[in-house]
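What follows is a set of notes on a single structure, which appears directly below.
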Amino acid sequence: MKNREIADIFDRMADLMEILGDDHFRINSYRKMARALSDLAEPVENLARDGKLQDLPGIGKSAAEKIQQYLSAGRIDKYEELLAKVPPKLPELLGVPGLGPKTTAKLWKQAGITSVEELRKAIETGDGRLINVEGLGPTKIRNIWQSLNFLTSIGGRIRLGEADALAGPMLAHLAQAKGVQQALAAGSLRRGKETIGDIDILCQAPQSAAEAIIKHFTDSPGVQKVLAGGKTRGSVVLAGAVQADLRVVPAECFGAALSYFTGSKEHNVRLREIAITKGLKFNEYGLFKGDERVAGRNEREIYAALGMQYVPPELRENRGEIEAARSGKLPDLLEAADIRGDMHIHTTASDGLNSIEEMIQACQDRGYQYMAICEHSKSQVQAGGLDEKRLAEHVQAIRKAAKKFPKMLVLAGVEVDIFKDGHLDFMADVLAELDFVVASCHSALAMPADEATARLVKAIETPHVRCIGHPTGRMINSRPGFEIDIDKVASAAAANNVALEVNAHWMRLDLRDIHVRAAVNRGAKIIISTDSHSIDDLDNMKYGVLTARRGWATPADVINSWPKKKLQAWLKEK
DNA sequence: GCCGTTTTCGGCCCGACTGTTTTCAGTCG
């Protein structure tokens, strides 16, 4: 699957065109193409084969030809032409905060700088080259210098759970400032995206209090560096080199600002375009007819005034939610409160930190009606995987412990390993004794897409298997995991009445959002599980719910939102 | 380069903050 690869090339072409000063509308359309390709769950090769490339939003004749050329010849002429016009390492300058295409072009043409390393040397040695660059004074040079040092210390986007942990204390700190009526996380954190670039916080307060609140924010304990502080917004760097931005707005604009700063950018652009067709103007202060504000206090009245359903933040990615909302066809998404159980929990019997009873109690404390304890199987030696004998003893221990919790349905399960060729770590007669079987891959996690797909399909077709755990095996920001043909996997899952896991741990979130959507579209069922190895891990469920919502999942799609009786009936179906 | 419920041509989102060319360009979100 070459989706990501081709998307990157379109993004790089856009970068090059920006430096060369090309028409910015054209550049924007290249960005849209890159986005369409990276949002695509199925292999772009399939669309190309079926002549359906132009069905993708923003992909026209010319882009389709470029994609076809890449797939058949491994190159895109236009990209090669652009590369020939610009020094190879110049585009990396665009990644330096504060450096955009205009300044990058000037550094190149007026100072002969062609890479980040050369820029660093030019500043370090003070060789005088930068003096010739117009628009570049001492302050800007100092800021660029700091950005260069900042760059070497950060690893890019942080994971959802990490951002959430940073935002929580900051929100609590802000709530103590005088005049604050409410403070919420906006941006990709509110949308529940798997990684977060920076933390956006929106605060409702009277205008008169704004400046003091921003000061309160920039003076916060965790702040390492203040990047900006004005009358309506402030910007800081937190521990771990994470940027956090704050905006303070009065109540009459809060909804407009929340919508604006929640994004996504692509969703917002569409909203503004719709506003224009209705003779309105939409900005972060409200929805305006001339000078009159027709909406802005909350998001719902804005969507209503634009003639569409309220769009939940998780769907705001311009992946079809605008059209659905305009025709009243948005799904009734799963809610966190719908979750009735956790179906993938470890205990001290394998590599968990808490006992059976502690985990049952913790699930009961969270209001669950059912749960499944699923330890590793014998080949997971490093994780204390259970062999047949220990597994049988463990089942007895679970049954015994469960008697102390009559209200909780405790399933004795297993997380059985799927080997490289798709066969399992336990024989069918062992699996038959269990209430619930999750099958997962823990080894050979780098294999070609067709082999990985076949491996999962074989496991799905195996008797007694009811769920595939963390189907791609990816670890966000550290391991890509399998590329799979999600349509094939989901179709097999639907046909065999096997669920696909959304692993709720913020390091996994696997299935990921676009896979959930493809799976649901194919009629596959989802189980959102925390794969908990401790009591605290149980609280990761919220990240799995966010991911499922981003995949347009409804309660009907998510088995562990079903009532206990319906779950028990489903368990008997295979 | 894409796109069409005022369209196949003429559009294509909006404002804050910063530093510098002291009236605005560049960058960012």
Side-chain angles (χ1 to χ4, degrees), chain A residues 10 13-14 17-19 21-36 53-67 78 82 93-107 110 131-144 146-147 186-189 196-202 210 214 226-235 243-249 253 256-257 259-288 306-307 318 323 326-327:
Chain A
F10 277 94
M13 286 197 278
M17 288 190 284
E18 283 205 298
I19 294 170
D22 210 330
D23 172 51
H24 73 276
F25 293 113
R26 174 175 294 141
I27 293 165
N28 198 24
S29 68
Y30 272 73
R31 301 264 182 229
K32 273 189 189 163
M33 296 169 202
R35 180 75 201 259
L53 286 172
Q54 290 191 56
D55 291 356
L56 290 173
I59 302 286
K61 185 161 172 284
S62 144
E65 284 170 3
K66 290 185 176 69
I67 294 168
K78 165 102 179 178
L82 287 167
L93 286 166
L94 296 174
V96 179
L99 275 188
K102 297 286 198 300
T103 314
T104 296
K106 283 185 207 159
L107 284 170
Q110 297 176 13
I131 293 170
N132 301 323
V133 181
E134 63 188 41
L136 209 59
T139 311
K140 255 191 181 163
I141 292 176
R142 195 170 60 242
N143 285 345
I144 290 170
Q146 287 181 347
S147 291
S188 45
L189 183 52
I196 276 76
D198 52 39
I199 295 169
D200 286 305
I201 296 174
L202 189 68
I214 288 162
V226 178
L227 298 173
K231 287 182 177 145
T232 64
R233 47 204 279 185
S235 190
Q243 185 171 330
D245 298 327
L246 171 72
R247 280 87 173 181
V248 182
V249 299
C253 324
S259 160
Y260 193 86
F261 293 116
T262 295
S264 66
K265 191 168 184 273
E266 292 79 6
H267 179 86
N268 286 345
V269 167
R270 295 291 308 277
L271 291 185
R272 280 184 229 118
E273 286 169 358
I274 291 167
I276 289 168
T277 66
K278 294 179 179 293
L280 303 169
K281 186 175 77 165
F282 185 37
N283 58 28
E284 62 257 57
Y285 300 106
L287 189 61
F288 294 91
L306 291 174
N318 193 25
E323 293 74 12
R326 294 187 88 178
S327 53

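Everything numeric in this text was worked out from a predicted model, so none of it was measured. Every chain is numbered from 1, with letters handed out A, B, ... down the list of sequences.
When the shell of 6.0 Å around NZ of A:Lys102 is examined, it contains 12 or fewer heavy atoms from other residues, nucleotides or ligands.
Residue contacts for A:Ile59: at a heavy-atom cut-off of 4.0 Å it reaches the sugar-phosphate backbone alone, with no base atom in range. A:Lys265 comes within 4.0 angstrom of a base, heavy atoms only. Residue A:Arg270 is classed as having no contact, given no heavy-atom separation below 4.0 Å to the nucleic acid. A:Asp23 comes within 4.0 angstrom of a base, heavy atoms only. Residue A:Leu271 is out of contact with every strand shown, counting any heavy-atom pair closer than 4.0 Å. Across all strands shown, A:Asn268 has no heavy atoms under 4.0 Å from either base or sugar-phosphate atoms. Residue-level contact check: A:Gly234 touches neither bases nor backbone, having no heavy atom under 4.0 Å from any strand. Residue A:Ala63 is in sugar-phosphate contact alone, with no base atom involved, counting any heavy-atom pair closer than 4.0 Å across all strands shown.
The phosphate of B:dC2 has neither OP1 nor OP2 within less than 4.0 Å of any side-chain N or O from A:Asn28.
Put simply, the side chain of A:Tyr260 and the base of B:dG29 share a donor and an acceptor less than 3.5 Å apart.
Side-chain contact of A:Gln243 with A:Asp245: a donor-acceptor pair under 3.5 Å is present, judged by distance alone.
Rounded to whole Å, the C1' atom of B:dG1 lies 23 Å from the corresponding atom of B:dT6. Taking atom C1' in both B:dG15 and B:dG10, the straight-line distance is 25 Å, to the nearest Å. The separation of B:dT23 from B:dC17, taken at their C1' atoms, amounts to 16 Å, rounded to a whole angstrom. Straight-line distance between the C1' atoms of B:dC2 and B:dT7: roughly 13 Å, to the nearest whole Å. A gap of 9 Å separates the C1' atoms of B:dT20 and B:dA25, to the nearest Å. Between the P atoms of B:dA16 and B:dC9, the separation comes to 38 Å (whole Å).
Summarising the base pairing, B:dT8 is matched to no nucleotide, lacking a Watson-Crick or G-U wobble pair whose two defining distances lie under 3.5 Å.
Glycosidic conformation, B:dT7: syn, with the torsion inside 90° of 0.
Between A:Asp200 and A:Leu227, the residue anchored closer to the 5' end of DNA chain B is A:Leu227, taking for each the nucleotide with the nearest heavy atom.
Between the A:Thr262 side chain and the A:Ser259 main chain, no donor and acceptor come within less than 3.5 Å of each other.
Geometric assessment of A:Arg247 against the ring of A:Phe261 yields a positive cation-pi assignment under the 6.0 Å and 45° thresholds.
Straight-line distance from the CD atom of A:Glu134 to the C1' atom of B:dG26: 12 Å, rounded to whole Å.
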